[in-house]
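Have a look at the structure below before the remarks.
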Amino acid sequence: MEPTRGAIGRIYSGNPSRDFNPYLEVRNIRKLDDPQGGTRYAVSVTDGDFVVKALALPGSSLISQIERNEVIVTTLLCLTDYRLEELNGSSFLLINHARVMGTVPEHLRVPSERLQKWVTAGARQQQPVATQPDPSAALFPRPATAAGVGGSVLANGETTPEKRGNFGAAEHTPGPVTMQPYPPMQGGAGAAAMPNPYSGPSCDQSMPAFQQQQQQQQQHQQPPPTAQGRAGASGNITDFFGRQPLVKSTTGDSSVGGFVPIKELSPYTSGRWRIKARVLTKSDIRRFSNARGEGQLFKIDIGDKSGEISGTFFGKAVDKYYPMLQQGQVYVFSRAHVKPANPRYDRGDVVLTFEDQSQVEAAQDDQEIPGVSFDFKPLCSVPELEQHTTIDVQAVIYAVQEPFHFTSKASNREMVKREIGIWDASGPDGGSACNVTVWGDRALSDGFEIGTPVFMKAARVSEWNGNKELSSPSVIEMNPDDGRAFTLKAKYEEVQKTRPLNMRTSTAGGASGARKTAQEVREEDMQLGPPPVMGQALDPNGPKAIHRHILQATISTLPTDRMPCYASCPALVARAAGATQQSGQAATERACQKKVTQEGPNMWRCPNGHVCQNPTFRYLCRMQVMDHTECLEVNVFDTVAKQFFGVEADTYTRIFEDPSLESQLQQIHKRVLWRRQLFRLRAQKEVWQEVERVKYHVDDVSSIAFAKDGRQMLSEVKAALATGQR
């Protein structure tokens, strides 16, 4: 975008239309001293032909834009509320409100030496005039420029560095300059503000005949001025000086009813913009912690017919707008911050940041705003792509692993992921396969079925152990009603008849979501490395010290000779950095949880020296699980054991110690024994009395979806049969 040519002449003619919103480029900004203690700025603006000094007085929104660095030199302003004001016999342009449209590109900026200064001498005479000749011109004559305008030009035709700068363009104009007068327009509203002191006979004698005729016609057509005092035409004070503005935008102000196209947003855009866009993608809520405390965010991609942009919601805006925003719906967004984008995570050149003061309003569906569009790339191209690249893919799901729960080392938070195998018909062999990792609530979805066509948008390329994979697609569309999906599924079914696909596990150390038998678990753990030594760095090339497994097994034995609980210390201690927080506890404290021993009536003591009257009981038990291949002894701790027993440890203790409640105890044990469950195990070696052994801990347990599990086993049987036939 560039300035509106001829805009200054049209404004100073006194007869612009009320919806005339010119674009002017800022060439200089200077703060003025105000004896009344207010804030004022002189802003030099140009339309590409002339430069004029405008004023931003108290009450103007332009002042806050300047102080927030939204308006700087080369900024392009769209004047939406402005007027001419008579001060000391000269007309000044007062800017009440302007919309920042960005910056003028360098190739569209007119050099300062080619701009002419617009000199005002009353409302009846606003026109470019020739500046006074430079007294040194006779001694040091300057050659004229190619355009016939005098300027500071060197012998080689280059301007001086001072004249190539933008600052001070309106304060000094190289002279001498010869210009043609701008013909005044008829019937200007501002022309009647005061009589022209230069319209006498002595002045008319030096005027050409056509100018005298135009001036006489203008004087006859203008209505006489009316005294309005400090009240406008309606009798109400409407502006700083008590007069109605000459120009008032009714449609140009985006904060009233207009919408700014997404492609026009920039970091210099003022905060009064509004955009109307469709939500294309919506991520899950992600929680984080840093030096300022805990926080949360989620991201969206929105688009209108001009383009797309990413947005991130933080803090209270997450609680306010996450339930409201729905993918595919149209909303009006405003009062967000426009910032430069990070190409690694965002699309486009800028991004939006939404906080508590941001506004999002639901709007009626607009068919002119496009929906989610896909730019599909073949899976065979994934190995050649760089990390963090995002692509759209169309494929068929050929394998689904169980969700895998783990604790993040960076944040010490519980996380969940799931790996899915997808296939398409690209590549020299007639097909390519790739693993896709999904996270959070999406990983727990039951919608992933083998043989389902799927469209994925903005899947990110990642690398693990030299293999390129995909993760975190922003949009997953199952069974799309699209002819391309039907064709791809037919090709997949043909391939499965001859050479079924087996999913490649991508996570080292047995930490994948692949289901295993108890015998496979035990054999794999024979390769476990020694337990880590406190303070000693781990060898990245050595054997893993921890393995994680997913096992379907049945609880066969539950020791009943002793209570599967222990008395723990309830005293609060300092929380370790990054530790997870339990409900009801302060952010920096946790329960001690050390085992306490009774030293007397209502007196219990832990190894840390804490004394309490009533300990808190926690589960700690050992049980046996088995499948058709092997038995394993596993350790179960408090959180997981509650899922088995169905009651709190304090309640179980009371029932266990009361002989009259033996029937209730048997009911609880019956609930636990001989139930088939899906176990997530953590295996690591330990040394006990100089004997090295492998211990298994249950990190999580869940029930089995038997219908889905049956389909998974059937696909495995078919794959095994096809492999045997080859």
Side-chain angles (χ1 to χ4, degrees), residues 287 289 293-294 405 407-408 411-414 531 534 555 557-624 633-673 675 677 679-680 682 684 686 688-689 695-702:
R287 292 173 173 83
S289 60
E294 305 231 345
H405 296 258
T407 302
S408 171
S411 62
N412 201 30
R413 293 179 180 273
E414 287 292 328
M534 183 69 67
I555 301 174
T557 304
L558 179 66
T560 57
D561 55 338
R562 59 192 178 116
M563 185 173 62
C565 307
Y566 75 97
S568 70
C569 177
L572 297 179
V573 297
R575 180 183 302 276
T580 56
Q581 179 180 350
Q582 301 293 330
S583 60
Q585 295 179 2
T588 58
E589 295 179 326
R590 65 171 180 84
C592 175
Q593 298 180 358
K594 292 287 186 179
K595 185 177 181 180
V596 295
T597 56
Q598 190 171 12
E599 296 183 348
N602 296 328
M603 185 176 178
W604 301 73
R605 186 184 298 274
C606 77
N608 288 339
H610 302 135
V611 178
C612 64
Q613 294 182 352
N614 296 308
T616 300
F617 285 89
R618 295 174 56 85
Y619 284 111
L620 176 61
C621 62
R622 184 176 300 170
M623 59 181 65
Q624 279 193 347
E633 190 175 74
V634 298
N635 296 303
V636 184
F637 296 101
D638 188 65
T639 304
V640 177
K642 290 177 186 178
Q643 301 181 49
F644 287 123
F645 294 101
V647 295
E648 295 288 340
D650 288 321
T651 304
Y652 183 93
T653 302
R654 181 176 56 83
I655 296 174
F656 186 89
E657 294 178 344
D658 190 347
S660 64
L661 300 178
E662 180 66 24
S663 60
Q664 293 187 28
L665 183 63
Q666 295 300 324
Q667 289 293 329
I668 293 175
H669 290 172
K670 185 177 180 181
R671 168 190 172 91
V672 177
L673 292 171
R675 292 186 60 190
Q677 303 272 9
F679 294 86
R680 291 171 177 83
R682 181 178 78 254
Q684 61 186 118
E686 70 169 11
W688 176 254
Q689 294 181 350
K695 292 194 68 175
Y696 293 96
H697 304 275
V698 181
D699 287 338
D700 193 17
V701 66
S702 60

Item to check | V636 vs F644, side-chain contact (heavy atoms from CB on, under 4.5 Å): CA-CA, chis, key distance, verdict | outcome: CA-CA 10 Å; V636 184; F644 287 123; 3.8 Å; yes
Checklist entry - For V698 and R680, what are the C-alpha separation, side-chain angles and deciding distance, and is it a side-chain contact (heavy atoms from CB on, under 4.5 Å)? => result CA-CA 6 Å; V698 181; R680 291 171 177 83; over 6 Å; no
Checklist entry - What's the verdict on side-chain contact (heavy atoms from CB on, under 4.5 Å) for R675 and I555, showing C-alpha distance, side-chain angles and the deciding distance? => result CA-CA 6 Å; R675 292 186 60 190; I555 301 174; 5.6 Å; no
Next on the checklist: Working note: Q598 + M603, criterion side-chain contact (heavy atoms from CB on, under 4.5 Å); need CA distance, chi angles, decisive distance, verdict.
Outcome noted: CA-CA 6 Å; Q598 190 171 12; M603 185 176 178; over 6 Å; no
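By the 4.5 Å heavy-atom criterion applied to side chains, F637 and L620 are counted as neighbours. By the 4.5 Å heavy-atom criterion applied to side chains, I668 and F656 are not counted as neighbours. Residues E633 and Y696 fail the side-chain proximity criterion, which asks for heavy atoms closer than 4.5 Å. Taking the side chain as every heavy atom from C-beta outward, R654 and L661 approach each other to under 4.5 Å. Contact check for F617 versus E648: no side-chain heavy atoms found under the 4.5 Å cut-off. The side-chain heavy atoms of C606 and C592, taken from C-beta on, include a pair separated by under 4.5 Å. For the pair L558/H669, a side-chain contact is recorded, criterion being any heavy-atom separation below 4.5 Å from C-beta on. Side-chain atoms of R605 and V596, non-hydrogen and from C-beta on, never get closer than 4.5 Å to each other.
Side-chain N or O atoms of T653 include one that pairs as donor or acceptor with a backbone N or O of A649 at under 3.5 Å. Using a distance-only test at 3.5 Å, with no hydrogens or angles considered, no donor-acceptor pair links the side chain of N608 to the main chain of H610.
Within a 6.0 Å radius of NZ in K695, more than 12 heavy atoms belonging to other residues, nucleotides or ligands are found.
Rounding to the nearest 0.5 angstrom, the gap separating the CZ atom in R618 from the CD atom in Q593 is 3.5 Å. Annotation: the span from D700 atom CG to Q643 atom CD amounts to 5.5 Å, rounded to 0.5 Å.
Taking the six-membered ring where tryptophan is involved, the planes of Y619 and F645 are essentially parallel, since the angle between them stays under 30° and well short of 60°.
Summarising the geometry of P615 relative to Q613, their closest heavy-atom pair is CD-O, 3.9 Å, with the distance given to 0.1 Å. N614 and P570 get closest at one heavy-atom pair: O-CG, 3.9 Å. What you find for L665 and I655 is that their closest heavy atoms are N-CG2, 3.8 Å.
We find that E294 and R287 are not joined by a salt bridge, their nearest charged nitrogen and carboxylate oxygen being 4.0 Å or further apart.
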